Amino acid sequence: MKHLPLILLSAILLSACEREDREYRSNPVTAETEEKIALVPLSAGPSGPTEHRSGLGKEYEENAYHIAQGKKFYVWFNCNGCHANGGGGSGPPLMDDRWFYGGQIENIVQTIREGRPNGMPSFRGKIPDDQIWQIAAYVRSMGRNVPKAAAPGRNDDMHSGPAEQRRPPGEVIDGGQVPPAAQMPQ
Amino acid sequence: MGGARLALVLAVSLTLQPASPILAQPTSSQPAAPHFAMGPEDGQWTIPQKNYASTRYSDLSEINIETVKNLQVAFTFSTGVNKGHESAPLVVGGTMYVLSPYPNILYALDLTQPGAPMKWQYNPKPAAAAQGVACCDVVNRGPTFANGRIFFTTLDAHVVAVNAETGEEVWRTKLGDINRGETMTMAPLVVKDKVIVGISGGEYGVRGWIQALNIEDGTSVWKAYSTGPDQDVKIGPNFKPFYDSDKGADLGVTTWPADAWQQGGGTVWGWLSYDPDLNLLYHGTGNPGPWNPNQRPGDNKWTAGIFARDADTGEARWFYQTAPHDLHDWDNINEMILLDLEWEGRPRKVLVHPGRTGFVYVIDRTTGEVLSAKPFHALTAVTGVDMETGRLQVNSEKEPVNNRVIRDICPTAPGAKDWNPSAFSHKTGLLYIPHMNMCMDWESVEPNYIAGTPYLGAEVRMYPGPGGHMGEFTAWDIKEGKELWTINERFPVWSGTLATAGDVVFYGTMDGWFKAVHARTGEVLWQFKTSSGIIGQPTTYRGPDGKQYVAILSGVGGWAGSIVSGDLDPRDGTAALGFVNAMRELKNVTTKGGTLYVFKLP
């Protein structure tokens, strides 16, 4: 039993390493994970929508390495040109609690792949699938919908607002898109 | 000694005078509108500029400094759109035309009926995806009327012609591809049998152009690019720029790193003016792409400048670059007001242009010679304009360096003043300039060109300039090159301006006030709080009942107001390309929603 403290210490150290887990083999651009997700809480019948998550999302969004990579790709793929550092611009903000097309990481991955009708381009085939997951994990960190320990600290660039890590834990409110106008059929 | 002191006191009081409200007396030598902008007042407002000289002045005077205090609402109309309303309501005969931002719905209102009920609406149904490549809200700057038709641009880069009586589409032409970031937001100008339009997308690496369409069927008559080989720019033997820096072969290629001109910007999204005597069309070109200047060593011709072109052929006659190798997103698309004035004892035909660089330029519109460039904004990034070479003098300390935050750059990326047009009073001879008072921090970072996504390479955050207010409304003496009076506003003044023969000048504020101001003293004579912030262009007309009316669209948005129209998050100062840092408070004072307001006397 004298090894117990050592075993315990090793267990603690090993579990702390999950934050730093990384895959060394990148997905080919064409491969695509398939998560069974719904966009709405409503479904036919009283049981709620049928969903099945593989657990991949958790792996990405609780991992500091993936989030840090995502932060880099977020700039490389010009996401910041429209969404700024989370506050938005021509695209909606990503640090707030409004998620027109679902705020879970699986929804965000799907939004990046498919695009969305009011201006979000489709990036399918343009970004390797694992990098899409990393970007989505970073986007989740903007509203601090990831563990504090995994969220990025302040970066070296212009201070745009509080660092992701310092933001209070976020909320996700799905939906809320307002149709643009009173259009009449012609 | 006593005499000297008196002289000193006089000198001091004279230099102080411009800041205080004094009565500007018309003199024989004051600037005047050219004859083609005069003519008898017909009581209509058929193009946003009011006339080819772009003076935005009406001879109507029923609403004047005595009566304006009694103005009241005649009718209102909801556009049903929640984005920024930058457009000008037009009046042709007994009908008013109102164009909304995306989805660009054109409404016709019957002014002959009580309450001006809707006659028809025309809905061009632009592609919704175009919203994703419109940098700074999904605005539109107005329709224009000619030959019984209304012409306007749509966000997804179409130009449409609509029968002004029936609302039926006459023709529709697609001129750009949103997949390359090309959109359209400007108000067309009709010259003879051509509809002149240009492309937007300077934040997406779009290669800018201006194009003339056949008024009958929308087919292209000529097209001139803002970058590239001389042939594409329509530079030929008749191109006679005033300054040496604009002379040489294919400068649109050689003043760029290899092939960078193909994503070089210079979009044409602002105001056009036309001189029928010279048959010259005047237009500006936008900022070079990307914003980060370190990516594009060279003068980056022919971006950020003014072209004079033959209106029939599009052939360039002269060019003047207000910002060679633009450092800070200083598009040159602001209004150009064509005036006649006496300069150093000689009558000159001039073009007056309050620019984003912070100077009011007075340029000889026949030759492109800069006669004067006087500052109207606090400046740290620039020091002046060299009158020998015409070149903008920049402060090297404020030049962007990659990955370093440069602080206290004034004016900001939207400039001392952005797109929202000034007005020139034919009566007072003064220019009324709606503008900003802001500074910014700028960090250049390496951009990445991906077609259809932003091409910027800069992090920006803006804040109020000296004094703490962000907006100013200034009466400007063009010949002296100085302000006569200025009204400070809390937020940037992002609305257009209207001058009238009643000596009343109108503008609106982003917190929702529509103001009538004494044209000579700057005294606010009347104001009305509308439902949202105002960024539209006021117009005036004589109704079918013979009375004078004033119209304005309320509905906050645009680049400055996108924090409200786009529901942006105020915690990120770099949001809306850095404008959110300055505009956080706007969310607390106004909400979005487009409404037309029309006022009259009881």
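Keep in mind that this is a model prediction, so the values were computed, not measured. Below, read A as the first sequence line, B as the second, and so on, with proteins coming before strands; counting in each chain starts at 1.
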Over 12 non-hydrogen atoms of neighbours within 6.0 angstrom of CZ in A/Arg53: yes

Nearest non-hydrogen partners of B/Ala575 and A/Gly87, listed with the distance: CB-C, 3.6 Å

Contact class of B/Val580 relative to chain A, heavy atoms under 4.5 angstrom: neither

Under 4.5 Å from a heavy atom of chain A, the part of B/Asn448 involved: both

Contacting region of B/Val460 [heavy-atom separation from chain A under 4.5 Å]: backbone

Heavy atoms of other groups near B/Glu446 CD, more than 12 under 6.0 Å: no

CG-OH distance between A/Asn118 and B/Tyr102, expressed to the nearest 0.5 angstrom: 6.0 Å

Which atoms of B/Trp442 approach chain A - backbone, side chain, both or neither, heavy atom under 4.5 Å: backbone

Side chain / backbone / both / neither for B/Asp441 at chain A, heavy atoms under 4.5 Å: both

Side chain, backbone, both or neither of B/Ala130 within contact of chain A (heavy atoms, under 4.5 Å): neither

Among the listed options A/Ser160, A/Cys82, A/Ser90, the residue most often paired with chain B at heavy-atom distances under 4.5 Å: A/Ser160

Max heavy-atom pair count under 4.5 Å with chain B, selected residue of A/Pro117, A/Gly115, A/Pro92, A/Cys79: A/Pro117

Heavy-atom neighbours of A/Leu42 CG exceed 12 at 6.0 Å: no

Minimum side-chain heavy-atom gap A/Asp157-B/Glu443 below 4.5 Å: yes

Heavy-atom check, side chain of B/Asp572 versus side chain of A/Met142, under 4.5 Å: no

Exceeds 12 heavy-atom contacts within 6.0 angstrom, atom CZ of B/Arg404: no

B/Asp569 CG to A/Leu94 CG distance, which is reported to the nearest 0.5 Å: 9.5 Å

Selection from B/Ala127, B/Ser100, B/Ala129 maximising heavy-atom pairs under 4.5 Å formed with chain A: B/Ala129

More than 12 heavy atoms of other groups within 6.0 Å of B/Arg584 CZ: yes

Heavy-atom contact with chain A under 4.5 Å, split by part of B/Cys136: neither

Within 6.0 angstrom of A/Lys58 NZ, more than 12 heavy atoms from elsewhere: no

Euclidean distance, A/Met158 CE relative to B/Arg407 CZ, rounded to 0.5 Å: 7.5 Å

For chain B, the option from A/Asp96, A/Asn80, A/Asn78 that forms the most heavy-atom pairs under 4.5 Å: A/Asn78

Region of B/Tyr455 in contact with chain A, defined by heavy-atom distances below 4.5 Å: neither

Non-hydrogen atoms of A/His159 and B/Arg461 that approach each other most closely: O-NH1, 2.7 Å

Atom pair CG/CG of A/Asp156 and B/Asn403 - distance to nearest 0.5 Å: 9.0 Å

Side-chain heavy-atom pair B/Thr453, A/Phe77 within 4.5 angstrom cut-off: no

Interface moiety of B/Leu577 toward chain A, non-hydrogen atoms closer than 4.5 Å: side chain

Spatial distance of atom OG1 (B/Thr574) from atom CG (A/Asn85) [nearest 0.5 Å]: 3.5 Å

More than 12 heavy atoms from other groups under 6.0 Å of NZ on A/Lys148: yes

Contacting moiety of B/Leu568, where chain A heavy atoms sit under 4.5 Å: both

A/Trp76 atom CH2, neighbour heavy-atom count above 12 within 6.0 Å: no

